[in-house]
Peer 1: 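Have a look at the structure that comes next, please.
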Amino acid sequence: MDDLHKAINNYLAGKATPEERQLVNNWYYATPDDSVEIPADDAALREQIRDRIHHRLQQTLQQNRHPRGRTAFFTPWKVAAAITLLIGCVMGGWQLFRTRAPHPAPLASAATRPGTILPGGNKAVLLLANGDSILLDNAGNGMLSQQGNTRVIKRNNGALTYQAAGETASTAVAYNTLRTPRGGQYQVTLPDGTRVWLNAASSLRFPTTFTGGSREVVLNGEAYFEVTTIHNKNGTKIPFIVKVHHSKADMDVKVLGTKFNVLAYDDEPAVSTALLEGAVLASTHTDSVLIKPGQRANLAVDHPVFKLGAADFREILAWKNGEFHFREAGIKEIMRQLCRWYDVEVVYRSDANNVKLSGIIPKTEDINQLLDALQATGKVHFEVKERKIIVQPL
């Protein structure tokens, strides 16, 4: 957190390094916010906004140094969001303005579109330890189940919460599995307070109560974690371990308290971990790597050695923040994401390996509008037949 404060102060002073600007940028894109469009060529407006943000920052910091009445809390990501809005205006405002513009009119094509294919939403199945299953998108709010000393509650916002009521007297550990279908995503708060956002076509297996010297969950697919720091009776941090299952490349991610994203779909050519805050150790049977904030570790299925690189969190966490974000992405990578979110099939009429596209598109669009936006690049043509998309590179 100190690094973030330093980066903010240096940015306001005009002294931020590229690494510090990237740190603030990562914080912003890890947290959804309201979109604001500002013309990039209006220097006076940018300077005015910068002054306002600086003034509000000083007020916030001053209030937290000298709180009155109720305790005030400084929320770093909100400050970072405001700062990064300014960064977007100064460094790439034209792109923000352009990508938030209305989509181009649909192109005339011979595509047959008998019906609308709607985007996914909050859909998941909860598999209980006793073998029962609960369809969460149809379940009412309130307590859904009692698992030992832990209550399973569906909140008004559709999220799932495991509420532990003290330590369990039993040594037996019961496991639940949260499973999202294609076209579904879900959020769950685990018994230790750790929050998990589960992407489409993913599953998370976890105990209803964490016991012993570690906390372990099993992931297949993609999820974003905000891990709660827990100490044992001796004051030592209890590690949180994500056992990542992939058909060709399993991986363990060990953390002590942090925020990170894990991608491990069986149809992807690599598994990856991107770290926003804290520190994690990713490991396999043959290799391991310590990941620092702002880094992403990839593990290719055909070359099981970790490769470290910079993490672009707007792209990595776009799925969580309601967007598709493509930056020179191959058309097959793009279509894999669309398949998982819209629950469709894809057929390629010819080789599409050289087609690469860039863009930012809301996940709330129906698939016809999204395909029209991609087709407007002039690099690819689509036909939609029922729930099948035919891709023709141009």
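Hydrogens, waters and symmetry mates are skipped; everything else that's a heavy atom, side chains included, is used.
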Peer 1: Applying side chain to side chain contact (heavy atoms under 4.5 Å, CB included), run through Ile291 and Thr273 and close with a yes or a no.
Peer 2: CA-CA 8 Å; Ile291 308 172; Thr273 302; 3.9 Å; yes
Peer 1: Under 3.5 Å, is there a donor-acceptor pair between the side chain of Thr228 and the main chain of Gly193?
Peer 2: yes
Peer 1: Backbone N or O of Leu299 within a donor-acceptor pair of the Lys307 side chain at under 3.5 Å?
Peer 2: no
Peer 1: What is the distance from atom CG of Asp343 to atom CG of Leu118, rounded to the nearest 0.5 Å?
Peer 2: 12.0 Å
Peer 1: For the pair Asp252 (side chain) and Ser283 (backbone), establish whether a donor and an acceptor sit closer than 3.5 Å, ignoring hydrogens and angles.
Peer 2: no
Peer 1: Indicate yes or no: does Lys363 engage Glu323 in a salt bridge with an N to O separation below 4.0 Å.
Peer 2: no
Peer 1: Can you say whether the rings of Tyr342 and Phe324 are parallel (under 30°), tilted (30 to 60°) or perpendicular (over 60°)?
Peer 2: parallel
Peer 1: Flag yes if Phe240 and Leu281 sit in one hydrophobic cluster, no otherwise; membership is Ile, Leu, Val, Met, Phe, Trp, Tyr, and two members link when side-chain heavy atoms are under 4.5 Å apart.
Peer 2: no
Peer 1: Within a strict 4.5 Å, meaning less than it, do heavy atoms of the Phe306 and Met251 side chains meet?
Peer 2: yes
Peer 1: Are Ile389 and Val347 side-chain neighbours, meaning at least one heavy-atom pair lies under 4.5 Å?
Peer 2: no
Peer 1: Are Arg205 and Tyr175 in a cation-pi setup, meaning NZ or CZ lies under 6.0 angstrom from the ring centre and within 45 degrees of the ring axis?
Peer 2: yes
Peer 1: NE2 of His231: more than 12 outside heavy atoms within 6.0 angstrom?
Peer 2: yes
Peer 1: Taking the six-membered ring of Tyr348, is the NZ or CZ of Lys332 close enough (under 6.0 Å from the centre) and on axis enough (within 45°)?
Peer 2: yes
Peer 1: Short question: side chain of Asp132, backbone of Leu128 - any donor-acceptor pair under 3.5 Å?
Peer 2: no
Peer 1: State whether the side chain of Asn368 and the backbone N or O of Leu371 hold a donor-acceptor pair below 3.5 Å, judged by distance alone.
Peer 2: no
Peer 1: Would you tell me whether Tyr162 and Asn176 have side-chain atoms, one donor and one acceptor, within less than 3.5 Å of each other?
Peer 2: yes
Peer 1: Nearest 0.5 Å please: distance from the CG atom of Leu136 over to the CG atom of Leu178.
Peer 2: 6.5 Å
Peer 1: Honestly curious: do Ile390 and Ile331 fall in one hydrophobic cluster under the side-chain, below-4.5 Å linking rule?
Peer 2: no
Peer 1: Side chains of Thr194 and Asp192: do they bring a donor and an acceptor to under 3.5 Å?
Peer 2: yes
Peer 1: Between Phe225 and Leu204, is there a side-chain heavy-atom distance shorter than 4.5 Å?
Peer 2: yes
Peer 1: When you measure from the side chain of Arg215 to the backbone N and O of Ile238, does any donor-acceptor pair fall under 3.5 Å?
Peer 2: yes
Peer 1: When you check the gap from the basic side-chain N to the acidic O, do Lys356 and Glu328 get nearer than 4.0 Å?
Peer 2: no
Peer 1: Can you confirm whether Val152 sits close enough to Leu126 that some side-chain heavy atom of one is under 4.5 Å from a side-chain heavy atom of the other?
Peer 2: yes
Peer 1: With a 4.0 Å cut-off on N to O distance, would you call Glu383 and Arg349 a salt bridge?
Peer 2: yes
Peer 1: Any luck finding a side-chain donor-acceptor pair between Glu222 and Trp319 under 3.5 Å?
Peer 2: yes
Peer 1: So does Thr286 get a backbone contact from the side chain of Thr284, meaning a donor-acceptor N/O pair under 3.5 Å?
Peer 2: yes
Peer 1: Check step by step if side chain to side chain contact (heavy atoms under 4.5 Å, CB included) holds for Glu345 and Cys339.
Peer 2: CA-CA 6 Å; Glu345 297 181 15; Cys339 285; 5.9 Å; no
Peer 1: Taking all heavy atoms of Pro207 and all of Pro191, pick out the closest pair and write down the distance.
Peer 2: O-CG, 3.7 Å
Peer 1: For the backbone of Pro362 and the side chain of Glu365, can you confirm whether one donor and one acceptor N or O come within less than 3.5 Å of each other?
Peer 2: no
Peer 1: Answer yes if Trp197 and Val125 sit in the same cluster of Ile, Leu, Val, Met, Phe, Trp and Tyr residues linked by side chain heavy atoms under 4.5 Å apart, and no otherwise.
Peer 2: no
Peer 1: So if you build clusters from Ile, Leu, Val, Met, Phe, Trp, Tyr with side-chain heavy-atom gaps below 4.5 Å, do Leu127 and Phe206 land together?
Peer 2: no
Peer 1: Looking at Gln375 and Phe382, would you say the former's side chain and the latter's main chain have a donor-acceptor pair under 3.5 Å?
Peer 2: yes
Peer 1: Cation-pi check for Tyr265 against Arg340: NZ or CZ below 6.0 Å from the six-membered ring centre and within 45 degrees of the axis, yes or no?
Peer 2: yes
Peer 1: If you measure only the distance, is there a donor-acceptor pair under 3.5 Å linking the side chains of Asn234 and Asn232?
Peer 2: no
Peer 1: Output yes when Lys123 and Asp137 qualify as a salt bridge under the 4.0 Å nitrogen-oxygen rule, no when they do not.
Peer 2: no
Peer 1: Among the clusters formed by ILVMFWY side chains lying less than 4.5 Å apart, do Ile241 and Leu219 turn up in the same one?
Peer 2: no
Peer 1: Mark yes or no for whether His303, through its side chain, and Val305, through its backbone, hold a donor-acceptor pair below 3.5 Å.
Peer 2: no
Peer 1: Once rounded to the nearest 0.5 Å, what's the spacing between atom OG1 of Thr208 and atom CD of Gln163?
Peer 2: 13.5 Å
Peer 1: Nearest 0.5 Å, what's the CG-CD distance between Leu263 and Glu268?
Peer 2: 5.5 Å
Peer 1: Please test Val391 against Met335 for side chain to side chain contact (heavy atoms under 4.5 Å, CB included), starting from the C-alpha separation and ending with a verdict.
Peer 2: CA-CA 9 Å; Val391 181; Met335 297 312 295; 4.3 Å; yes
Peer 1: State the CD1-CG distance between Ile361 and Leu357, to the nearest 0.5 angstrom.
Peer 2: 9.0 Å
Peer 1: Can Ser145 and Gln147 be counted as having a side-chain donor-acceptor contact under 3.5 angstrom?
Peer 2: yes
Peer 1: Without hydrogens or angle criteria, can the side chains of Thr209 and Thr150 be said to hold a donor-acceptor pair below 3.5 Å?
Peer 2: yes
Peer 1: Just wondering, do Tyr224 and Leu276 contact through their side chains at under 4.5 Å, heavy atoms?
Peer 2: yes
Peer 1: Would you please say whether a donor-acceptor pair under 3.5 Å links the side chains of Tyr186 and Ser202?
Peer 2: no
Peer 1: Begin from the C-alpha positions of Trp341 and Ile367 and carry the test side chain to side chain contact (heavy atoms under 4.5 Å, CB included) through to its verdict.
Peer 2: CA-CA 10 Å; Trp341 186 237; Ile367 202 166; over 6 Å; no
Peer 1: Any side-chain heavy-atom pair from Leu374 and Ile334 closer than 4.5 angstrom?
Peer 2: yes
Peer 1: Below 4.5 Å, heavy atoms only, C-beta onward: do Leu338 and Leu370 meet side chain to side chain?
Peer 2: yes
Peer 1: Measuring only between side-chain heavy atoms, which start at C-beta, is Leu198 closer than 4.5 Å to Gln185?
Peer 2: no
Peer 1: Between Arg327 and Asp312, does at least one N-O distance fall below 4.0 Å, as a salt bridge requires?
Peer 2: yes
